[in-house]
Undergrad: 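Okay, handing you the structure first.
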Amino acid sequence: MMRAQLTTISFWVFAAGLLIGGVIEARDLFPRFGESGEAIAVALPIVLIAAGLVALLIWALDRSHAQVRSAWGWAFAWGAIGACGLALQINGYASDAVNDVLDDPGSTLWGAALVGPLDEEVIKGAGVALLLVLYRDRLRRPLQIFAVGAFAGLGFQVVENLSYALNFAMRDAQSDAVGALTVSLIRAFFGFQSHWVYTGFFALGLALVRIRPHLAALPIALSFLLHFWWNAPNGEHSVGVTLLLIMLKCTVTVSLLAGAWWWMLVEQRQWLRRAIRTPEAAALAPPAELATLPTRAERRAGEQYLRYYYGPAVAEVARRRQKWLIRELTYRVG
């Protein structure tokens, strides 16, 4: 983070959350990792490969051309350390409260659905909100902010998947490795669309508070509802029903993600069409160059025109300049 950010209250709240979360993980989670090195050795490559693929997907979805990579890194750290650690502590208290209210089997079946979405989404979202304050001059557009939220969710997802691998390793009657391998593969295949999507939706809601306040509650509500639905019972007494429900949940989540991403792309194009007519844009480039910015097709057409008449070197400079202009417009106008 930049030096000026180190003097803000938001930074120190963020740092305190990381520190407290890290202490809780060191106390409650890391010792468990040492209980079965075989399970961690089997699960870790699968979890990291799955996380790498999701990270590539988040990178591909952020078509803002103004990615803030340092914010991605801090968001991932918040999800993996701050949010996971704080959630470990709070989940314990909340689970005790649910057990006091609901008798078995109700607390066993519905405890995760009632506890997890409420505190985990709030904690992850709080970290994202702090980052939006710290990077308020650079994180301006929904595509950017969604990506930051997605990386926070991905950090949480990585640590949670490792924790599940260890839990199931201890339960498997055959061996630690078999239990860890089974749950890691299942969560990588079916759970790939979990925390990073939920927190991405939460972040999108935070982004909309500034530009579309009447829509802000919708993606935030979706983050809670999708998380609740995923944690809800899946027909434990029937393998067929369980598999059908899991596939349905995945399909609905991916469909909503696709719809949200398409809306963010359309919103980005509309914003660019307005931004290129501002005085700030006029100070950056001539109108003909600005007119090529709003859509990918228009940018490519401008690039191909220059390649045809002036050669590949000029076209490459124009392509880089287009990205620079979009980034500058994001910071100055967005």
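Model, not experiment: these values are computed from the prediction. We're numbering straight along the sequence, starting at 1.
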Undergrad: Verify the neighbour count for atom CZ of F189: are there more than 12 heavy atoms of other residues, nucleotides or ligands below 6.0 Å?
TA: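 Not buried by this count: 12 neighbours or fewer within 6.0 Å.
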
Undergrad: Which heavy atom of A43 sits nearest a heavy atom of S184, and at what distance?
TA: CB-OG, 3.2 Å

Undergrad: Return yes if some donor-acceptor pair links the side-chain N/O of E303 with the main-chain N/O of V317 below 3.5 Å, else return no.
TA: no

Undergrad: Given the rule that I, L, V, M, F, W and Y join up when any side-chain heavy atoms are under 4.5 Å apart, are M264 and I326 in one cluster?
TA: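 Each belongs to a different hydrophobic cluster.
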
Undergrad: Identify whether L208 and L272 are in the same connected component of the hydrophobic contact network (ILVMFWY, side-chain heavy atoms under 4.5 Å).
TA: no

Undergrad: Would you say the side chain of V266 lies within less than 4.5 Å of the side chain of W261, judging by non-hydrogen atoms?
TA: no

Undergrad: Ignoring hydrogens, what is the shortest heavy-atom contact between D62 and A147? Give both atom names and the distance.
TA: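 Shortest heavy-atom contact: OD2-CB, 3.8 Å.
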
Undergrad: Should L48 and L44 be marked as a side chain to side chain contact (heavy atoms under 4.5 Å, CB included) after you check the CA-CA gap, both sets of side-chain angles, and the distance that decides it?
TA: CA-CA 6 Å; L48 292 181; L44 188 60; 3.8 Å; yes

Undergrad: Are V47 and R187 side-chain neighbours, meaning at least one heavy-atom pair lies under 4.5 Å?
TA: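 V47 vs R187: side chains apart.
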
Undergrad: Looking at S163 and V159, would you say the former's side chain and the latter's main chain have a donor-acceptor pair under 3.5 Å?
TA: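 Pair absent, no side-chain N/O of S163 close to backbone of V159.
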
Undergrad: Counting only heavy atoms from other residues, nucleotides and ligands, does the tally under 6.0 Å from CZ of F76 exceed 12?
TA: yes

Undergrad: Could you tell me whether a side-chain N or O of W230 sits under 3.5 Å from a main-chain N or O of K249, the two making a donor and an acceptor?
TA: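 Looks like no, no N/O pair under 3.5 Å.
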
Undergrad: What distance do L185 atom CG and I46 atom CD1 have between them, rounded to the nearest 0.5 Å?
TA: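 Here the rounded value is 4.0 Å.
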
Undergrad: Hey, does the side chain of Q193 reach the backbone of F190 with a donor-acceptor pair shorter than 3.5 angstrom?
TA: yes

Undergrad: Going by heavy atoms in the side chains, are H195 and E121 under 4.5 Å from each other?
TA: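 Yes, side chains in contact.
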
Undergrad: Does C250 offer a backbone N or O that forms a donor-acceptor pair with the side chain of T253 under 3.5 Å?
TA: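 Side chain of T253 to backbone of C250: no pair is present.
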
Undergrad: Has the side chain of R299 got a donor or acceptor atom that lies under 3.5 Å from a matching backbone atom of L293?
TA: yes

Undergrad: Taking C-beta and beyond as the side chain, do P233 and L245 meet within less than 4.5 Å on heavy atoms?
TA: no

Undergrad: Can you confirm if the aromatic rings of Y305 and Y309 lie within a centre distance of less than 6.0 Å?
TA: yes

Undergrad: With a 6.0 Å cut-off (strictly less than), is the heavy-atom count around CH2 of W263, excluding the residue itself, greater than 12?
TA: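 Yes - once you tally the heavy atoms of other residues, nucleotides and ligands closer than 6.0 Å, there are more than 12.
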
Undergrad: Please say yes or no: joined through hydrophobic side-chain contacts below 4.5 Å, possibly via intermediate residues, are Y93 and V115 part of one cluster?
TA: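 Y93 does not cluster with V115.
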
Undergrad: Identify which one of L130, L131, V68, V148 satisfies the side chain to side chain contact (heavy atoms under 4.5 Å, CB included) criterion when paired with W74.
TA: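 Going through the options one by one, the only one that passes is L131.
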
Undergrad: Do R27 and Q89 pass the side chain to side chain contact (heavy atoms under 4.5 Å, CB included) test, and can you show the C-alpha distance, the side-chain angles, and the key distance before you say yes or no?
TA: CA-CA 11 Å; R27 183 195 69 192; Q89 189 71 42; 2.6 Å; yes

Undergrad: Give the intermediate values and the outcome of side-chain hydrogen bond (donor to acceptor under 3.5 Å, both in side chains) for residues S70 and Y135.
TA: CA-CA 10 Å; S70 59; Y135 287 91; 3.0 Å; yes

Undergrad: Atom OG1 of T278 and atom CG of L290: how far apart are they, to the nearest 0.5 Å?
TA: 8.0 Å

Undergrad: Whether E120 and K124 form a salt bridge (side-chain N of Lys/Arg under 4.0 Å from carboxylate O of Asp/Glu) is what I want to check.
TA: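 No.
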
Undergrad: Within 45° of the six-membered ring axis of W262 and under 6.0 Å from that ring's centre, is NZ or CZ of R269 located there?
TA: yes

Undergrad: Any luck finding a side-chain donor-acceptor pair between Q157 and S194 under 3.5 Å?
TA: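 S194 and Q157 do have a side-chain donor-acceptor pair below 3.5 Å.
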
Undergrad: Check the orientation of H227 and Y198. Use parallel for under 30°, tilted for 30 to 60°, and perpendicular for over 60°.
TA: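 Parallel, since the angle between the ring planes stays under 30°.
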
Undergrad: I need the minimum non-hydrogen distance between P45 and I40, along with the two atoms involved.
TA: CD-O, 4.3 Å

Undergrad: Take Q304 and Y308, measure what side-chain hydrogen bond (donor to acceptor under 3.5 Å, both in side chains) needs, and give me the verdict at the end.
TA: CA-CA 6 Å; Q304 290 171 358; Y308 181 79; over 6 Å; no

Undergrad: Rounded at 0.5 Å granularity, tell me how far CD1 in I186 sits from CG in L181.
TA: 9.5 Å

Undergrad: Without hydrogens or angle criteria, can the side chains of T295 and E298 be said to hold a donor-acceptor pair below 3.5 Å?
TA: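 Short answer, yes.
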
Undergrad: Consider only side-chain heavy atoms of I, L, V, M, F, W and Y, link residues closer than 4.5 Å, and tell whether I211 and I220 are in one cluster.
TA: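 Same cluster: I211 reaches I220 through Ile, Leu, Val, Met, Phe, Trp or Tyr contacts under 4.5 Å.
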
Undergrad: May I have the step-by-step check of ring-ring contact (aromatic ring centres under 6.0 Å, His included) for F151 and W196, ending in yes or no?
TA: CA-CA 6 Å; F151 272 103; W196 72 271; 9.1 Å; no

Undergrad: With side chains defined as the heavy atoms from C-beta onward, is the minimum distance between F228 and L118 less than 4.5 Å?
TA: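 Side-chain contact under 4.5 Å: no.
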
Undergrad: Nearest 0.5 Å please: distance from the CG atom of L139 over to the CD atom of Q67.
TA: 11.0 Å

Undergrad: Give a yes or no on whether R69 atom CZ has more than 12 heavy-atom contacts from other residues, nucleotides or ligands under 6.0 Å away.
TA: yes

Undergrad: Is the count of non-hydrogen atoms from other residues, nucleotides or ligands lying under 6.0 Å from W229 atom CH2 greater than 12?
TA: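 Yes, enclosed.
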
Undergrad: Identify the two heavy atoms, one from P219 and one from A216, that lie closest to each other, and give their separation to 0.1 Å.
TA: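 Smallest heavy-atom distance, with atoms named: CD-O, 3.4 Å.
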
Undergrad: Any non-hydrogen side-chain atom of F224 less than 4.5 Å from a side-chain atom of V122?
TA: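 In short, these two side chains touch, coming nearer than 4.5 Å.
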
Undergrad: If you compare all heavy atoms of A275 against all heavy atoms of V333, which two are closest, and at what distance to 0.1 Å?
TA: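 Heavy atoms only, the tightest pair is CB-CG1, 4.1 Å.
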
Undergrad: With a 4.5 Å heavy-atom cut-off, do W271 and T330 have their side chains touching?
TA: yes

Undergrad: Report yes or no: do L257 and F156 belong to one cluster of Ile/Leu/Val/Met/Phe/Trp/Tyr joined by side chain heavy-atom distances under 4.5 Å?
TA: no

Undergrad: Starting at CG of D119, measure out to CG of N91 and round the result to the nearest 0.5 Å.
TA: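 That separation rounds to 4.0 Å.
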
Undergrad: Is a donor on one side and an acceptor on the other found under 3.5 Å between the side chain of T292 and the backbone of E289?
TA: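 At least one qualifying donor-acceptor pair exists.
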
Undergrad: How about R321: does its CZ atom have over 12 heavy atoms from other parts shown lying under 6.0 Å from it?
TA: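 Result for CZ/R321: enclosed.
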
Undergrad: Is there a side-chain contact between L256 and L226, using heavy atoms and a 4.5 Å cut-off?
TA: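 In short, these two side chains touch, coming nearer than 4.5 Å.
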
Undergrad: Measuring from F146:CZ to L206:CG, what's the distance to the nearest 0.5 Å?
TA: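 Here the rounded value is 12.5 Å.
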
Undergrad: Examine distances only and state if a side-chain atom of R136 and a backbone atom of V133 form a donor-acceptor pair shorter than 3.5 Å.
TA: yes

Undergrad: Between Q144 (side chain only) and A66 (backbone N and O only), is there a donor and an acceptor less than 3.5 Å apart?
TA: yes

Undergrad: Is it the case that the side chain of R210 and the backbone of R140 share a donor-acceptor pair, with hydrogens and angles ignored and the cut-off at 3.5 Å?
TA: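 The answer is yes, because a donor-acceptor pair under 3.5 Å joins these two groups.
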
Undergrad: Please report the shortest heavy-atom distance between L18 and G82, naming the atom on each side.
TA: CD2-N, 3.8 Å

Undergrad: Output yes when R141 and E267 qualify as a salt bridge under the 4.0 Å nitrogen-oxygen rule, no when they do not.
TA: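 Yes, charged N to carboxylate O under 4.0 Å.
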
